[in-house]
Each structure stands twice: as structure tokens, then as C-alpha cells.
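Because the structure is a prediction, the values reported are computed rather than measured. We count ligands from 1, going down the list as the structure has it; atoms in each ligand are counted the same way.
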Amino acid sequence: MPKKYIPFIPEPVEGQAVLANFNRVLKYKGANDVSMVLERGMPLYEMEKVETVGKNENGNMVIRGECVSACAYLKEQGIEVDLVYIDPPFASGADYAKTVYIRRNPKVAEAIATAEQELDIEELKAFEEKMYGDVWNKEKYLNWMYENLMAIKSVMSQTASIYVHLDYHIGHYVKILLDEVFGEASFRGDIAWCYSGGGIPKHELPHKHDTIFWYSIQPNTDEWNDQWVYNPEYRSYSQGTMQRGRTQVKGENAELRAEGTPINDWWTDIPKITSPTDPEKLDYSTQKSEALLSRIINLSSRNDMVIADFFGGSGTTAAVANKLGRRFIHCDIGINSIQTTRDRLVADGAAFDILEIKDGVSLYRNPVQTMDKIKSLIPGLRNEDSLDSFWEGAVSDSKLGTIPVYVPNLMDSGSKLLDVVLMNRIIHQAIPDLDPNIKKVIVYYVDITSEEEIRKFIAEDDSTDVEIELRDLKAILDDVVVEDYAEVKLEESHEDLFGGFEVIIEKFASDRVMQKISDFNQKAFLNSSAKKPYKPIEISEDGLELIEFLSVDCTSDCGEWHSDSEIKIDKLGYVIKNGEKTKEFWDGKIRSQKKPLRLKIRNICGDETVWAVS
Ligand SMILES: C[S@@+](CC[C@H](N)C(=O)[O-])C[C@H]1O[C@@H](n2cnc3c(N)ncnc32)[C@H](O)[C@@H]1O
């Protein structure tokens with residue numbers, strides 16, 4: 001349960017539209033006689049510091065958790081942000097996947113290296129796994145987005161701006177939400193980021209731009225115009241313009257115009273990252289380019305200001321903010337985002353804390369994969385086409401027949417709490433829509449206001465004979481996380497002139513990765529043909545090719561992690577040592593000067609396990 005709910009805004013703004021999930025009107029017992037308004041606010045959970053990287057004197061943060069809960073934490077701590085960029089899911093109807101590359105086994109790495117160097121990257125043994133889902137219906141998406149925008153607004157400083165990056169899927173609707181949340185007078189611009197590349201659709205015009213809406217906290221009026229940061233940027237005049245003398249403009253702006261043409265809201269000079277060989281390219285779908293973020297951060301912030309991205313993905317905003325001498329807050333719900341950002345910032349020599357919001361949900365990598373997994377963990381749960389989408393599916397019982405099952409959507413914080421409003425909806429909307437032969441339903445919850453209160457509410461309502469069983473989803477989620485297995489040996493190092501220690505990894509096994517590989521192999525088999533024969537992915541006995549990252553903590557044997565030495569193995573098998581790229585292949589060991597107390601291994605799907613080293 002959250003420790004408390006923090007109001008989104010001190011006072012609701014007069015005349016502002018308030019969506020259903022803010023003020024939830026409760027009407028029950030079939031009449032309009034009982035109604036109440038619930039104002040829940042942002043859920044504040046315990047926050048755990050899981051790692052500090054470097055001497056973090058500037059309070060930089062990488063937060064794993066949902067945007068709304070991260071804002072609750074910042075608000076509670078009195079931390080304000082001066083510039084926000086968000087590139088949230090677009091409601092594009094897609095599930096974004098990450099390509100997972102099997103690494104080279106260190107024992108045979110050198111021998112196969114030469115042959116593999118001639119192969120295309122994409123030909124390396126790889127499979128895909130879901131990172132985050134973008135599949136929403138419009139109403140749910142807008143309610144969710146409204147909540148996020150309100151939360152973000154509540155932590156913005158008085159001079160702050162926000163840039164919201166969207167596209168044709170939902171941008172026009174969100175513009176109206178932005179007007180509601182920030183006020184029409186705070187609208188600063190509608191930037192078209194134009195790019196080339198990508199597919200050409202058959203029956204419509206190719207979509208070649210995204211829209212970035214820019215708002216400031218303060219309204220765009222004479223009184224407030226110096227209260228927000230705007231550093232105009234200029235593009236140098238072309239040779240032709242100079243020759244034609246077009247720069248000689250008289251009047252009040254003459255001095256400014258001497259610097260070049262001011263950039264406008266039509267950005268055609270920043271390409272999209274598309275090529276797999278782009279030096280910036282990380283394994284993160286929807287990664288935006290550093291040039292795009294540099295422009296935004298330069299336009300709307302000054303040195304030392306706090307730049308926040310609450311849907312941070314691969315960490316572009318944090319990385320650019322750091323390079324430009326700003327402070328940063330990165331937040332994302334997915335483990336791949338946190339790891340990608342962490343490793344990226346380590347390589348840049350940044351200092352920061354990694355924090356985790358303890359919202360009681362043990363996520364299996366990210367909400368999409370967890371939702372998929374839940375379906376396989378609820379015994380007997382199957383899809384049931386005849387049921388409304390409110391129900392996740394149904395289980396069968398020999399006496400009771402079909403039992404519909406409700407599971408909260410982990411991608412939508414609004415649905416995680418079971419309160420009387422949700423129960424009222426179940427009793428008065430969802431159950432009456434069911435087949436009249438249904439005798440029982442099962443309702444899973446993550447948080448519950450009070451089990452006693454909900455049970456009393458059900459008992460007092462005489463409008464349904466359908467039995468309602470309540471079950472805690474957290475019990476199932478806890479089972480989802482199964483640790484990996486490793487056999488390791490600690491030795492004093494003889495190779496290093498300065499002595500030190502080495503941890504040798506002799507064997508590594510990961511059921512969670514093997515499950516993915518076996519699913520992939522099965523699919524590949526089904527899709528194979530004589531022309532395209534089936535090439536299963538095989539993993540060696542010692543399993544070292546399933547390792548992506550290792551770190552040893554020589555400082556402490558419990559609590560917050562200190563990475564005293566770390567190795568990352570890139571998809572081609574080259575080693576990145578403490579953030580520095582090398583042309584060496586991994587030799588199956590990790591070395592450190594001081595004696596390691598703990599070892600952390602991240603597998604190629606991003607699951608991390610920690611072992612004591614002795
Ligand atoms: C389009 S991507 C951002 C890409 C990023 N701009 C970059 O350059 O890599 C959107 C991100 O939002 C994250 N996300 C989705 N729902 C979230 C939520 N409620 N709170 C925080 N992050 C969320 C996803 O995990 C995903 O990484």
C-alpha cells in the first residue's frame with residue numbers, strides 16, 4: 001500500500017475538466033442517493049536506494065518506477081524540476097521489443113571471432129522480448145496521460161517548461177489535455193520534428209514527422225514573459241544568403257539577426273537513429289537522438305538546472321543533460337531502461353543514485369512481460385472470447401462452470417487499487433453484463449483500501465447472487481521472480497602486476513532465459529520450411545553466453561550496491577570494462593583490486609542476481 005496519497009495540485013484549477021479517475025463519483029445500490037467524491041492523489045511509496053554511482057553531489061537520480069509515483073516522491077522531498085521532456089508511449093497499438101543477443105562463450109570466443117566478424121550483426125544468434133506495451137484504448141490512455149501530466153506539473157518549478165513528444169496517433173487529443181492541465185496561455189509551440197527513413201505505406205501518405213508540444217508553467221503574457229527560460233538558437237546563414245546580403249535587416253531585431261536565422265518550429269536538421277551501425281544506437285526501440293535532446297535542453301534550460309524525463313527509455317535526456325552540465329532525473333518503469341541508462345551514464349563518467357519505488361509489485365522485467373506471465377501463473381486461466389475486455393479471462397470449475405477473472409492492469413496505476421468504487425463497478429456494471437448462468441467471479445488486486453470494508457460492501461449489496469472471491473495478486477507476482485544459478489570461484493590474481501583478485505565464473509544457468517529461448521526455438525520450428533530450415537539456438541553446458549554484465553562489490557556485503565569493478569559484454573562479445581570500450585573478448589572472469597564480497601550477474605534478458613563471494 002502507498003504510505004499516503006499526495007494531492008496532484010493544491011487546489012483544483014477553476015473551470016478545469018476533471019477526468020473520471022480524479023474525482024470518482026460513487027453511486028451504488030442502483031440509485032443516485034449515495035454518492036461521494038474520492039480524491040486520491042499521487043501514491044507515495046517507500047523508496048529504496050539500490051546503488052550510488054560515483055560521488056553524486058548534484059542529486060542526480062535514475063528511478064525505477066511509475067511516473068506518478070516518482071512525482072509523489074519528488075514532491076514529498078521538495079524537489080522541483082526546471083525542464084521536463086517526455087516521450088511517453090504513443091498509443092500506437094504496438095508492443096515494443098528488444099533484440100536479445102546470445103553472447104560468445106568465452107571458451108571458444110577467440111576461435112570463432114574471425115569467422116563471425118564477417119557476419120552481419122543481425123545474423124548473430126538473437127531473439128526478441130517485449131519491453132513495453134503501447135496498446136491502449138483512447139479513453140484509458142487519455143485518463144492515464146492526464147494523471148501523469150498533473151503529477152509532472154506538481155513538481156515543475158515556476159520557470160519550468162515541458163516538452164511532450166507524440167505523433168499522429170494521439171498527439172491531437174493530448175494537446176487538448178495539455179491545454180487543460182497547463183492552460184492555453186502557457187502553450188509555447190508545436191514543433192514538427194521531420195525525418196526521413198522508415199517504411200512507405202500503400203494507402204496513405206508516409207508519416208514523416210513527430211509533434212513536440214511545448215508548454216511553460218507560467219502563461220505566455222507580458223507579465224510572465226521573462227519568467228521562463230528561453231535561449232534562442234540560430235542556424236548560420238548559407239553562403240547564398242550572405243552573398244545576397246539578406247542578413248542586413250534593420251530595426252529592433254537587427255542585432256539578433258546578425259547571429260544567423262533563428263530556428264523555428266520546423267526541425268528538419270536532426271535525423272532519426274535508424275541504422276544499426278549508428279554510433280549512438282543502443283538496443284532500445286524508440287531511442288531518440290542526442291541532437292534532439294541537446295536542442296531542447298539548450299533552448300529551455302541553463303547550467304545546473306534539473307532536467308527530468310519521466311518516460312526515460314534509453315536515457316537520452318539524462319545523458320545529454322549530464323553532457324551539458326545540467327542535473328538530471330531519469331524515471332522509467334522497465335528494468336531494461338534502468339540498465340541501459342545506468343550503463344550509458346557510467347560510460348559517460350556521470351555520478352548518480354539509482355532508486356527503486358517499492359510499490360509492492362515484483363515486476364518480471366516490465367509490466368508487459370509481467371502481465372503475460374501472470375496469465376500463465378493463474379491456474380487454469382484461459383482467454384474467453386465471450387467475455388468483455390474488463391475480464392482477463394476465465395477458469396473452469398466442475399461444479400460452478402465458467403468463472404470470469406479480473407486482473408488489474410499493471411501498466412495503469414489507476415487500476416491497481418481495489419476500492420469501493422471499483423467494486424461498485426464490478427457489481428453494478430461488469431457482473432450484470434455477464435451470462436446469467438455465471439455463479440462466481442474472481443477479483444485479483446494489488447492494493448486494497450481495506451479488505452474488511454470491501455467484503456462488507458459486497459455483503460451489504462443485495463443486487464447480485466454472484467459470489468465474488470478476492471485474491472491478492474502480489475502472492476502470484478512474488479513467485480514470478482526465480483533467481484539464476486552460478487558456480488563461481490574466487491582466487492588471488494597472478495596476472496595483474498598489482499595483485500588483486502579474480503572471480504571465475506565456471507557455470508551459469510538461467511531458467512528464465514532458457515524458457516524464452518525454448519519458446520523462440522518452437523516458433524522458429526513452426527515457421528521453418530525446406531527453403532528456410534530450422535536453426536535452433538543452442539546453449540553450451542556452462543551457459544556463459546547468457547551473461548551480459550558482471551559487477552563486484554568490494555565495499556559492502558549487503559544493502560546498496562557499490563560497483564567496485566564491472567564488465568559488460570557487448571553484442572559482438574567485446575568487453576566494456578568500467579565503462580571503457582575495449583577490443584578484448586570476455587575471458588570468463590572479473591577482476592578487482594580489493595577482495596570482492598558480492599557478485600552481481602545480469603543475464604542477456606536483463607534479470608540480475610546477486611551472490612555472496614567467499
Ligand atoms: C518511447 S519510450 C522513451 C524513449 C526515450 N525517449 C529514449 O530516447 O530512449 C517510452 C518509455 O516509457 C516507459 N513507460 C511506460 N509507462 C510508464 C510509466 N507509467 N512510468 C514510467 N515510464 C513508463 C517505457 O518503459 C518506455 O521506456
Side-chain angles (χ1 to χ4, degrees), residues 42-43 45 61-74 84-92 94-98 129-136 140-141 143-152 163-167 169-171 193 210 212 270 272-274 278 280-297 307-321 328-345 355-357 359 361 363 365-371 409-416 606:
M42 306 179 268
Y45 294 97
M61 293 180 213
V62 170
I63 302 176
R64 183 178 183 199
E66 277 188 277
C67 164
V68 176
S69 314
C71 291
Y73 171 76
L74 298 181
V84 179
Y85 165 83
I86 53 166
D87 169 22
F90 285 12
S92 64
D95 264 339
Y96 286 97
K98 168 185 155 86
E129 68 162 355
K130 285 185 198 165
M131 277 206 309
Y132 67 91
D134 213 351
V135 187
W136 301 78
K140 275 195 185 153
Y141 180 90
N143 271 293
W144 171 82
M145 181 50 82
Y146 190 79
E147 201 165 305
N148 283 296
L149 291 173
M150 289 294 278
I152 292 172
Y163 288 73
V164 180
H165 189 147
L166 295 160
D167 74 0
H169 288 98
I170 199 86
W193 174 44
D210 288 358
I212 305 174
I270 301 177
K272 220 177 180 178
I273 302 179
T274 45
D278 189 316
E280 256 187 57
K281 174 107 180 118
L282 297 161
D283 247 332
Y284 209 94
S285 321
T286 68
Q287 176 192 357
K288 301 299 177 295
S289 69
E290 295 204 359
L292 182 68
L293 267 302
S294 295
R295 172 152 305 158
I296 291 170
I297 293 175
I307 318 296
D309 188 337
F310 295 99
F311 297 85
S314 66
T316 315
T317 309
V320 175
F328 60 82
I329 296 174
H330 167 103
C331 163
D332 199 287
I333 202 166
I335 189 72
N336 291 115
S337 156
I338 302 304
Q339 291 164 348
T340 308
T341 303
R342 178 207 174 277
D343 298 348
R344 181 176 191 172
L345 291 168
L355 305 160
E356 218 169 83
I357 295 171
D359 58 9
V361 184
L363 282 184
R365 300 181 190 141
N366 54 48
V368 198
Q369 287 202 42
T370 314
M371 287 303 291
N409 181 359
L410 296 177
M411 291 189 282
D412 177 7
S413 56
S415 83
K416 283 190 206 156

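Between K288 and ligand 1, at least one N/O pair is under 3.5 Å apart. Checking only distances, S314 does come within under 3.5 Å of ligand 1, N or O to N or O. Every N/O-N/O distance between N148 and ligand 1 stays at or above 3.5 Å. Of the polar atoms of C67, at least one N or O is found under 3.5 Å from an N or O of ligand 1, judged by distance alone. For ligand 1, the polar-atom distance check against S337 finds no nitrogen or oxygen pair separated by under 3.5 Å. At under 3.5 Å, a nitrogen or oxygen of D87, whether backbone or side chain, sits near a nitrogen or oxygen of ligand 1.
Ligand 1 is never approached by A70 to a heavy-atom distance shorter than 4.0 Å. In this structure, S285 has no heavy atom closer than 4.0 Å to ligand 1.
Atoms of ligand 1 lying under 4.0 Å from at least one heavy atom of T316, given by number and element, are 7 (C), 8 (O), 9 (O). Every atom of ligand 1 with a heavy atom of T286 under 4.0 Å away is listed here by number and element: 1 (C), 2 (S), 4 (C), 7 (C). Heavy-atom proximity to Q287, at under 4.0 Å, picks out these atoms of ligand 1: 7 (C), 8 (O), 9 (O). With ligand atoms numbered from 1 in the order given, ligand 1 contributes 19 (N), 20 (N) to contacts under 4.0 Å with heavy atoms of E66. For ligand 1 and F310, the ligand atoms under 4.0 Å from any heavy atom of the residue are 21 (C), 22 (N).
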Subject >> Stepwise side chain to side chain contact (heavy atoms under 4.5 Å, CB included) test for L293 and K288 >> reply: CA-CA 8 Å; L293 267 302; K288 301 299 177 295; 4.3 Å; yes
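Distance check, rounded to the nearest 0.5 Å: CZ of F310 to CG of N148 gives 10.0 Å. For the atom pair CD1 (I296) and OG1 (T316), the distance works out to 10.5 Å, reported to the nearest 0.5 Å. To the nearest 0.5 Å, atoms OG (S289) and CH2 (W193) are separated by 5.5 Å. Between the OH atom of Y284 and the OG1 atom of T341 there is a distance of 7.5 Å, given to the nearest 0.5 Å.
Summarising the contacts of atom 11 (C) of ligand 1 with I333, D309, D332, the nearest heavy atom is found in D332.
Checked by atom type and distance alone, the side chain of Q339 pairs as donor or acceptor with a backbone atom of G606 at under 3.5 Å. Between the side chain of D332 and the backbone N or O of G313, at least one donor-acceptor pair lies under 3.5 Å. In terms of modelled atom types and a separation under 3.5 Å, the side chain of Q287 and the main chain of E280 share a donor-acceptor contact.
Residue Y284 touches ligand 1 through its side chain alone, judged by heavy-atom distances below 4.0 Å.
Partner E290 forms a salt bridge (Lys or Arg N to Asp or Glu O under 4.0 Å) with one of R344, R295, K281 and no other, that one being R344.
Listed here is the closest heavy atom pair of E66 and I357: O-CD1, 4.1 Å.
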